[in-house]
J.: 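Following this message is one structure expressed as structure tokens.
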Amino acid sequence: MAEITASMVKELREATGAGMMDCKKALTQTEGDFDKAVEYLRENGLAKAAKKANRIAAEGIVAIATEGDTKAAVVEVNSETDFVAKNEKFQAYVAKVAAQALTSNADSIEAFLEEKWNEDTSKTVAEELQGQIAVIGENLKIRRFEKVEANDGAVVSYIHAGGKIGVIVKAKTAVVNDEVKEALKNIAMQVAALNAKYVTRDEVDQEYIASETEIIRAQIMNDPKESQKPANVIDGIVKGRISKQLKEICLVDQVYVKAEDVKQSVADYLKQVSKAVGADITVTSFVRYETGEGLEKKNEDFAAEVAAQLR
């Protein structure tokens with residue numbers, strides 16, 4: 001049997017990220033064969049990862065990869081704790097997942113996971129994920145991704161709070177210069193801050209407007225004072241309240257967060273920049289990912305998080 005040296009353990013540990021004792025055991029079990037030891041760790045890592053698969057992964061980060069001014073992809077990868085989300089190794093892995101998404105033709109997360117991993121085509125994206133679970137020691141999940149391409153304009157991205165929120169804005173414009181990109185970056189920051197649901201009112205589901213109209217009208221009719229007003233006045237109140245709601249959820253109607261007069265709308269800001277660069281700038285779509293939105297989160301204090309990692 002081959003002698004297992006410290007340098008062999010060190011080399012295997014650097015190649016796999018596994019623990020020192022795990023590496024020593026793998027080399028012992030495979031009689032010092034490096035490749036077989038790697039495979040041994042992968043196989044055992046997958047077994048460990050399977051046990052973690054039912055644990056809630058609602059922390060993590062959002063990352064964005066870009067190609068020039070016309071392509072971008074955003075991904076959300078979840079971990080169990082914020083402690084891991086701040087780990088450099090985890091963040092480097094998520095950046096690679098975003099780069100994978102940028103070149104992907106997958107139309108679902110299932111298809112994405114079945115793709116060959118760009119960094120090592122002997123593995124799939126899912127297999128690399130399982131390997132990361134084994135190394136990091138928490139359940140991880142590639143939750144979602146979206147790819148954006150602009151054929152007649154530009155895409156600009158923005159990451160907020162170290163990956164808590166990621167935004168991609170797509171715009172139609174004949175001019176793509178620093179001034180235009182800065183303006184679109186400002187719009188991306190607007191989306192991150194105020195969480196618009198639509199670009200314009202034309203995108204709002206008419207069923208939503210009809211439902212909200214009924215609710216507002218019922219509220220008015222249940223108010224002893226307002227219910228006594230003439231029908232045309234009540235109609236005006238309903239329209240006014242609906243319009244106020246739409247201003248909050250439609251991007252171009254929102255008050256621009258950097259407006260000096262605290263009145264300028266996003267639409268007016270874009271018109272101002274369009275005039276300055278000599279070309280119309282029209283935001284056509286945006287993507288906003290917020291880490292863990294809609295997921296159940298467990299309550300753990302920081303000390304418990306650290307203790308969990310040490311275990």
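Heavy-atom basis, side chains included; hydrogens, waters and symmetry copies ignored. Treat the numbers as computed from the prediction; the structure is a model and nothing was measured.
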J.: Looking at Glu80 and Glu138, would you say the former's side chain and the latter's main chain have a donor-acceptor pair under 3.5 Å?
T.: no
J.: Any side-chain heavy atom of Leu140 within less than 4.5 Å of one from Leu129?
T.: yes
J.: Is there a donor-acceptor pair closer than 3.5 Å between any side-chain N or O of Glu76 and the backbone N or O of Gly292?
T.: yes
J.: Any chance the side chains of Ser122 and Asp120 put a donor and an acceptor closer than 3.5 Å?
T.: yes
J.: Under 3.5 Å, side chain of Glu11 to main-chain N/O of Met8, donor-acceptor pair present?
T.: no
J.: Provide the closest heavy-atom pair for Ala73 versus Ala98 in the form atom of the first, atom of the second, distance.
T.: CB-O, 4.1 Å
J.: Around Lys172, counting heavy atoms of other residues, nucleotides and ligands shown, do more than 12 lie under 6.0 Å from its NZ?
T.: no
J.: Can you name the residues that form a salt bridge (Lys or Arg N to Asp or Glu O under 4.0 Å) with Glu115, not counting sequence neighbours?
T.: none
J.: Does the side chain to side chain contact (heavy atoms under 4.5 Å, CB included) test come out yes or no for Leu251 and Thr200, once each step is laid out?
T.: CA-CA 6 Å; Leu251 176 63; Thr200 70; over 6 Å; no
J.: In terms of side-chain geometry, is the basic nitrogen of Glu290 or Arg288 positioned less than 4.0 Å from the acidic oxygen of its partner?
T.: yes
J.: When clusters are formed by joining ILVMFWY residues with side-chain heavy atoms under 4.5 Å apart, either directly or through shared neighbours, do Tyr158 and Ile165 land in the same one?
T.: no
J.: Residues two or more places apart in sequence or in another chain: which of them pass side chain to side chain contact (heavy atoms under 4.5 Å, CB included) with Gln91?
T.: Ile61
J.: Do Glu149 and Asn151 have side-chain N/O donor and acceptor atoms under 3.5 Å apart?
T.: no
J.: Does any donor atom in the side chain of Asp33 or Thr30 lie under 3.5 Å from an acceptor atom in the other side chain?
T.: no
J.: One pair to check against side chain to side chain contact (heavy atoms under 4.5 Å, CB included): Val176 and Lys181. What are the steps and the verdict?
T.: CA-CA 7 Å; Val176 181; Lys181 287 188 282 188; 4.2 Å; yes
J.: Which of these, Arg144, Lys164, Arg143, sits in a salt bridge (Lys or Arg N to Asp or Glu O under 4.0 Å) with Glu293?
T.: Arg144
J.: Tell me every residue that passes ring pair (Phe, Tyr, Trp, His ring centres under 6.0 Å) with Phe90, counting only those two or more places apart in sequence or in another chain.
T.: none
J.: Kindly say whether Ala154 contributes a backbone atom to a donor-acceptor pair with the side chain of Asp69 at under 3.5 angstrom?
T.: no
J.: Do Ile168 and Ile64 have side chains that approach each other closer than 4.5 Å (heavy atoms only, starting at C-beta)?
T.: yes
J.: Sequence neighbours excluded, which residues qualify as side chain to side chain contact (heavy atoms under 4.5 Å, CB included) partners of Val175?
T.: Thr173, Asn177, Val180, Ala279
J.: Could you check whether any side-chain heavy atom of Lys247 comes within less than 4.5 Å of a side-chain heavy atom of Gln254, counting everything from C-beta outward?
T.: no
J.: Could you grab the distance from atom CG of Leu113 to atom CD of Glu127, nearest 0.5 Å is fine?
T.: 11.0 Å
J.: Counting neighbours of CG on Asp280 that are heavy atoms of other residues, nucleotides or ligands and sit closer than 6.0 Å, is the number greater than 12?
T.: no
J.: Test: salt bridge (charged side-chain N to carboxylate O under 4.0 Å, His left out). Region: residues 228-246. Which pairs qualify, not counting sequence neighbours?
T.: Arg217-Asp235, Glu226-Arg241
J.: Just verifying a value: how many Å separate Ile159 CD1 and Met189 CE, rounded to the nearest 0.5 Å?
T.: 12.5 Å
J.: Taking it one step at a time, do Leu102 and Lys71 satisfy side chain to side chain contact (heavy atoms under 4.5 Å, CB included)?
T.: CA-CA 8 Å; Leu102 189 63; Lys71 293 183 181 180; 4.1 Å; yes
J.: Can you list every ring pair (Phe, Tyr, Trp, His ring centres under 6.0 Å) pair that touches residues 259-278, not counting sequence neighbours?
T.: Tyr256-Tyr269
J.: Does the Glu203 side chain pair with the main chain of Val199, one donor and one acceptor, at a distance under 3.5 Å?
T.: yes
J.: My understanding is that only residues two or more places apart in sequence, or in another chain, count here; which of them pass side-chain hydrogen bond (donor to acceptor under 3.5 Å, both in side chains) with Lys10?
T.: Glu14
J.: Are Val266 and Val169 co-members of a hydrophobic cluster defined by side-chain heavy atoms under 4.5 Å apart?
T.: yes
J.: Just to verify, what does Ser227 make a side chain to side chain contact (heavy atoms under 4.5 Å, CB included) with, not counting sequence neighbours?
T.: Met221
J.: Asp268 side chain to Gln264 main-chain N or O, any donor-acceptor pair under 3.5 Å?
T.: no
J.: For Asn232, look at atom CG and say whether over 12 heavy atoms of other residues, nucleotides or ligands are found less than 6.0 Å away.
T.: yes
J.: Do Leu27 and Lys24 have side chains that get closer than 4.5 Å, going by heavy atoms?
T.: no
J.: Would Phe112 and Asn105 count as a side chain to side chain contact (heavy atoms under 4.5 Å, CB included) if you check the C-alpha gap in whole Å, the side-chain angles of each, and the deciding distance to 0.1 Å?
T.: CA-CA 8 Å; Phe112 181 69; Asn105 292 316; over 6 Å; no
J.: Among residues at least two apart in sequence or on other chains, which ones pass salt bridge (Lys or Arg N to Asp or Glu O under 4.0 Å) with Asp152?
T.: none
J.: Measuring only between side-chain heavy atoms, which start at C-beta, is Val125 closer than 4.5 Å to Gln100?
T.: yes
J.: Less than 4.5 Å apart, any side-chain heavy atom of Cys250 and any of Val204?
T.: yes
J.: Glu214 side chain to Ile209 main-chain N or O, any donor-acceptor pair under 3.5 Å?
T.: no
J.: With a 4.5 Å heavy-atom cut-off, do Val238 and Ile220 have their side chains touching?
T.: yes
J.: Do Asn118 and Thr103 get their side chains close enough for a donor-acceptor pair, meaning under 3.5 Å?
T.: yes
J.: Flag yes if Val167 and Val252 sit in one hydrophobic cluster, no otherwise; membership is Ile, Leu, Val, Met, Phe, Trp, Tyr, and two members link when side-chain heavy atoms are under 4.5 Å apart.
T.: yes
J.: Tell me if a side-chain donor or acceptor on Ser274 pairs with a main-chain N or O of Ile281 at a distance below 3.5 Å.
T.: yes
J.: Checking Lys147 side chain against Ser104 main chain: does a donor-acceptor pair fall under 3.5 Å?
T.: yes
J.: Any heavy-atom pair between the side chains of Ile133 and Ile136 that's under 4.5 Å?
T.: no
J.: Ile215 and Ile249: same hydrophobic cluster, using ILVMFWY side-chain contacts below 4.5 Å?
T.: no
J.: Rounded to the nearest 0.5 Å, what's the gap from CG on Asn139 to OG1 on Thr81? Could you check?
T.: 11.0 Å
J.: Tell me which pairs pass salt bridge (charged side-chain N to carboxylate O under 4.0 Å, His left out) where either residue lies in residues 193-202, with sequence neighbours left out.
T.: Arg201-Asp253
J.: Which atom names give the shortest non-hydrogen contact between Ser79 and Gly60, and what distance separates them?
T.: OG-N, 3.3 Å
J.: Find the distance between CG (Leu184) and CD (Glu179) and round it off to the nearest 0.5 Å.
T.: 11.0 Å
J.: State plainly whether one hydrophobic cluster holds both Ile142 and Phe145, where clusters connect Ile, Leu, Val, Met, Phe, Trp and Tyr through side-chain heavy atoms under 4.5 angstrom apart.
T.: yes
J.: Can you list the residues that meet the side-chain hydrogen bond (donor to acceptor under 3.5 Å, both in side chains) rule with Gln219, with sequence neighbours excluded?
T.: none
J.: May I have all residue pairs that pass ring pair (Phe, Tyr, Trp, His ring centres under 6.0 Å) and include part of residues 173-221, sequence neighbours excluded?
T.: none
